[in-house]
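Below you'll find the structure, written out as structure tokens, and then a few comments.
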Amino acid sequence: MAFLKLSLMAFSFVFWIAGLTMLTMGIWTKLSLEEYLVLSTNDYPNTPVILLGSGAAVLLWGFLGCFSAAAERRYLLRTYGLFQLAVFLAGLAAGLSTLFYRRDIAEGFHIGLQNAVQSYAEDEAKAYVLDDVQRALRCCGVHSYHDWFGSPWSLEQLEQHQFFGEHSNNSVPSSCCQVRRGCQNNPVLPGAPGIHWDGCFKKVFDFVSDNMFYIATSALGLAFIQVVGIVLTCLLATKIPNREPETVPT
């Protein structure tokens, strides 16, 4: 009995740490990956929301394990066990949905990047995201900087140069530049000096796929930790004797 109580109290601390980890993962995923996921044509899972909600709930209610063990109340232990089961299911859902999504991200990002390049002149939201991605990953276009040459935005720049009687090549956005100043991106000089040659598709795919795998395995690992807590909670609940209500003598 005493060993089970101490074990559950110790696990409550591990449970709280797991909740803090889930909250941290949720915040990191929200801040670091969501911008990239916007470019995908596939619906991405609600993993950040699940991790944030589960982590916050554990931080707020994680003390219930220590309290229920110390008080030796069956109803508190059962409540704590149900709470752990909910966290287990949430972690399982976050991990599995991320793994399933990871299998299909290649096609979604390929089409999404192509659409972002083609709608660069019209869709400011995607244009802003694409610029950030090109700067962060030091890439240009889908497979190379040549992908910009047939885009409506590049053709529009070409028409403007020709309107003023200038002989011009095609252009790429300034986010494709290796340096901020002195970059010849509009128009691009022969040989594209100062322009990132590599496309963004492979870099985005590798970055998102690798991080999705780490998030999925971590979420599943944290979920299965809850199994230990559920077992300890159930064992302790069965060891606690039923407390009969005291009768008042008449």
Side-chain angles (χ1 to χ4, degrees), residues 1-37 40 42-105 108 207-243:
M1 183 74 170
F3 175 75
L4 285 174
K5 286 176 65 176
L6 290 174
S7 298
L8 186 57
M9 288 180 180
F11 177 80
S12 295
F13 177 73
V14 176
F15 187 47
W16 193 86
I17 295 297
L20 181 62
T21 305
M22 294 176 77
L23 183 65
T24 304
M25 285 173 53
I27 294 173
W28 183 85
T29 305
K30 189 80 173 173
L31 296 178
S32 301
L33 289 184
E34 190 163 288
E35 186 173 63
Y36 295 89
L37 297 176
S40 176
N42 295 340
D43 293 331
Y44 53 90
N46 292 323
T47 302
V49 177
I50 296 174
L51 292 174
L52 285 170
S54 301
V58 171
L59 291 181
L60 291 173
W61 296 101
F63 69 91
L64 187 60
C66 289
F67 182 73
S68 59
E72 296 185 6
R73 298 288 183 178
R74 275 190 172 185
Y75 71 92
L76 287 177
L77 288 169
R78 288 169 180 166
T79 303
Y80 185 57
L82 289 173
F83 178 61
Q84 288 177 310
L85 179 62
V87 174
F88 166 74
L89 293 175
L92 200 63
L96 291 178
S97 63
T98 303
L99 282 179
F100 289 141
Y101 174 76
R102 185 173 172 265
R103 296 183 311 172
D104 304 322
I105 61 176
F207 179 80
V208 175
S209 180
D210 290 346
N211 283 284
M212 281 290 189
F213 177 75
Y214 298 142
I215 292 168
T217 52
S218 299
L220 290 173
L222 291 171
F224 282 104
I225 288 176
Q226 314 311 320
V227 176
V228 178
I230 294 171
V231 171
L232 287 174
T233 303
C234 292
L235 287 174
L236 184 58
T238 57
K239 294 289 184 180
I240 295 175
N242 287 323
R243 298 189 179 185

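Quick caveat: nothing in here was measured; it's all calculated off a predicted structure.
Considering all non-hydrogen atoms of both residues, Ala18 and Leu222 come closest at CB-CD2, 3.8 Å. What you find for Ser54 and Ala90 is that their closest heavy atoms are OG-CB, 3.2 Å.
Within the 4.5 Å cutoff, the side chain of Leu23 has no heavy atoms near those of the Leu51 side chain.
Distance CH2/Trp16 to OG1/Thr21: 9.5 Å, rounded to 0.5 Å. Note that CE of Met25 and CG of Asn211 are 10.5 Å apart. Values are rounded to the nearest 0.5 Å. Between the OG1 atom of Thr24 and the CG atom of Leu52 there is a distance of 9.5 Å, given to the nearest 0.5 Å.
Looking only at distances, a side-chain donor or acceptor of Ser97 sits under 3.5 Å from a matching main-chain atom of Ala94.
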